[in-house]
2 protein chains.
Amino acid sequence: MKRPTIADIARRVGVSQGAVSYALNGRPGVSEATRVRVLKVAEELGWRPSVAARALTGASAGAVGLVLSRPPSVLGAEPFFMELFSGIETTLKPHSCALMLQMADDQDAEIEVYRRWWAEGRIDGAILVEVHVDDRRLPVLESLGMPAVVIGGLPGGAGSLPSVRSDESVPVHETVEYLAALGHRRFGRVAGLPHLVHTRVRDEAFAEACARLGLSDPVTLHTDYTGEEGARATRRLLSSSSRPTAIIYDNDIMAVAGLSVAQEMRLRVPDDLSLVAWDDSQLAQVVRPALTAVRRDVPALGAAAARHLLSLINGETLDDVETEPARLTPRGSTGALV
Amino acid sequence: MKRPTIADIARRVGVSQGAVSYALNGRPGVSEATRVRVLKVAEELGWRPSVAARALTGASAGAVGLVLSRPPSVLGAEPFFMELFSGIETTLKPHSCALMLQMADDQDAEIEVYRRWWAEGRIDGAILVEVHVDDRRLPVLESLGMPAVVIGGLPGGAGSLPSVRSDESVPVHETVEYLAALGHRRFGRVAGLPHLVHTRVRDEAFAEACARLGLSDPVTLHTDYTGEEGARATRRLLSSSSRPTAIIYDNDIMAVAGLSVAQEMRLRVPDDLSLVAWDDSQLAQVVRPALTAVRRDVPALGAAAARHLLSLINGETLDDVETEPARLTPRGSTGALV
DNA sequence: CTGAAAGCGCTTACAG
DNA sequence: CTGAAAGCGCTTACAG
């Protein structure tokens, strides 16, 4: 019942522990014949390396960390994170690298978790999500010297930490131009948390796209990403004297909430009002009308980040990676003004 | 820049490593004065225990594992899992215990991950979710002797592994009786995967509740939990000659999809058709009409499982824990037949 | 190509 | 109450 160790294998094969280690790790220093026998016995015994022992000899922890600081209700409503995990893990798995997950209350708590994980030798690196405008995590991770990749953010915006990102201004422009082509002139935007970099990027792209079309006063309202605040923001937009005819949301759940508000206010979607969701989960597709959405491949984003992190842990120095921009996927919630 | 070790502290304080270890771990064997000095120096140096070294000396891995085997798209649409993680972690955190997460393709792959994690000394125990009717994981984990708690399942159904569960038949009866009181006589149920124990339990409770009310042929259709299959099942139910006037769903996204189907088919909710969702996320509340839902405290469930697992790891022997049953939360999607 | 030994950072009997 | 030492399971120079 006791776990077999390298010593058990050595005894059984009749060689030294060192030889077994070399054989197991595919390193030179043992004859082919010995290697084969060692591997065979290891297999028979059901031997697995002790991660603790390996970590202690300086190899690696065999795990990377990810800390999230948003309330669970918001995380739950956002398919984004689960899809991201899935992409990350699919990539990590063949390298026998695990994902450590933790939720924190705020950025300081998050920093504390990274510090502890790193000091305890628990992780080899980290993936950061949801970059803030003045992100306190970045300088700390840099000073720790811990390999880390940032998902999102601005090009070069993460200091020495490489980022995996896509240009979010592209789909914003695409969406605004598409809606303008349908005859819309008054736009509203129900955005996420204002201190997040990607919110800022979308905000600016939105303002710029509207300005370029000569549209005067596009309104952006910020929320905490919950359906509740999405509904409230939508109500405010639709109650204004210059009510928008098209609203762009920063996630799916707020867009669904917005759709309900439009129904309450007896506005027809898309005849009176066009709605665009962001991220495009199942959610956008099960409501009626189905929601036009800005779609991106979230698992692929996670996979790219994980690959990047593995390279970084291997000592390579890396630049930012630019992934394909999200693209507008039109469905029934957008249409020409009637 | 190098991590301080126990030897550094010993040198600085002028005592032996052993004494430092005792002091740091709050064990007898050092004077109060020494203990205080050791702690102070450890603090100054920013010392943290190496999990690898601790794990190697047989202490513990300081982590528990959770493996999920469902496609990412389904996981993403299901707020359940994120909320569960959140409850688990909040409980684990004060014990400096981390959560290792992995996704697997099927139960065999899942078993392989548990085996590996356990053999590698990576985890101290595991939390199992989504118990199958003949769950292959259970006997394996028992034979490994790994502490594990099962979320859901039948009382005593996990063999020697303790489970944390609530009686899911209670809310099913509550829901059916409530709908019957509103005048409904023909029920439909859009269920999840048929090989999951909780699906089975709800199926049976549903049949029994209907039988008890003398209702003849309640129909249950099984799905993969996606909105798409939820919509299809709803269409089938509503196209039958004896169309149900009330449908109970096994999650939120399918109920939302069902609501859209009802609209497509020009059925008024709740005048012509009542709908009940399960789990009650934001999603149920942002659509119109808001969905009546069977609500349970998912983070609390996760927290209970984590507490239970920590006790188990500490060597206690435990029984199953029964948590409060989910309860029906009426909203606008259910009403008296008109 | 192989063996013997030191070392990673901690814990824990065992002497003093 | 404290010190010296062995040991956890592995890796890695260093001799042979």
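Every chain is numbered from 1 and lettered A, B, ... according to where its sequence line falls, protein lines coming before strand lines.
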Asker: Given atom CG of B/L56 and atom C1' of D/dC8, what is their separation to the nearest angstrom?
Answerer: 4 Å
Asker: Pairs counted as Watson-Crick or G-U wobble with both distances under 3.5 Å: what dot-bracket string results for DNA chain C, using | for bases tied to another strand?
Answerer: |||.||||||||.|||
Asker: Per the side-chain hydrogen bond (donor to acceptor under 3.5 Å, both in side chains) rule, which among B/E110, B/R137, B/Q107, B/H132 passes with B/S69?
Answerer: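 The passing option is B/E110.
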Asker: Are the side chains of B/L312 and B/H308 in touch, meaning some heavy atoms are under 4.5 Å apart?
Answerer: no
Asker: Report the relative orientation of the aromatic rings in A/Y114 and A/W117; use parallel for angles under 30°, tilted for 30 to 60°, perpendicular for over 60°.
Answerer: perpendicular
Asker: With a 4.0 Å cut-off, would you call B/R70 and B/E78 a salt bridge?
Answerer: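 The answer is yes: the pair qualifies as a salt bridge.
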Asker: To the nearest angstrom, how far is B/D8 atom CG from C/dC8 atom C1'?
Answerer: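 The distance from CG of B/D8 to C1' of C/dC8 comes to 13 Å, rounded to the nearest Å.
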Asker: Would one find a side-chain N or O of A/S31 under 4.0 angstrom from OP1 or OP2 of C/dT2?
Answerer: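 Yes, because at least one side-chain N or O of A/S31 sits under 4.0 Å from OP1 or OP2 of C/dT2.
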Asker: Please determine if B/R37 and B/E44 form a salt bridge, counting it only when a charged side-chain N lies under 4.0 Å from a carboxylate O.
Answerer: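 Between B/E44 and B/R37 there is no salt bridge, as every charged N stays at least 4.0 Å from the carboxylate O atoms.
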Asker: Any Lys/Arg nitrogen of B/K40 or B/E43 sitting under 4.0 Å from an Asp/Glu carboxylate oxygen of the other?
Answerer: no
Asker: May I ask you to say whether B/D320 pairs ionically with B/R165, meaning some side-chain N is under 4.0 Å from a carboxylate O?
Answerer: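 The answer is no: the pair does not qualify as a salt bridge.
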Asker: For A/A7 and for B/G14, find the nucleotide of DNA chain D with the closest heavy atom, then tell me which residue's nucleotide is more 5'.
Answerer: B/G14
Asker: Spell out protein contact along nucleotides 11-16 of chain D as letters: B when the base is contacted, S when just the sugar-phosphate is, - when no protein heavy atom is under 4.0 Å; keep the 5' to 3' order.
Answerer: BBB---
Asker: I need the CG-P distance between A/L45 and D/dC10, as an integer number of Å.
Answerer: 11 Å
Asker: Strictly below 4.0 Å, N to O, side chains only: are B/E316 and B/R307 in salt-bridge contact?
Answerer: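 No, B/E316 and B/R307 are not salt-bridged.
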Asker: Any side-chain heavy atom of A/L39 within less than 4.5 Å of one from A/R35?
Answerer: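 SC-SC contact between A/L39 and A/R35 confirmed.
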Asker: Tell me the closest heavy-atom pair linking B/V67 and B/V129, and the distance in Å.
Answerer: O-CG2, 4.3 Å
Asker: Pull out every residue in residues 33-43 of chain A that has a heavy atom closer than 4.0 Å to any atom of DNA chain C, ordered by number, or say none.
Answerer: A/T34
Asker: State, with a plain yes or no, whether a side-chain heavy atom of A/L68 is found less than 4.5 Å away from one of A/F85.
Answerer: yes
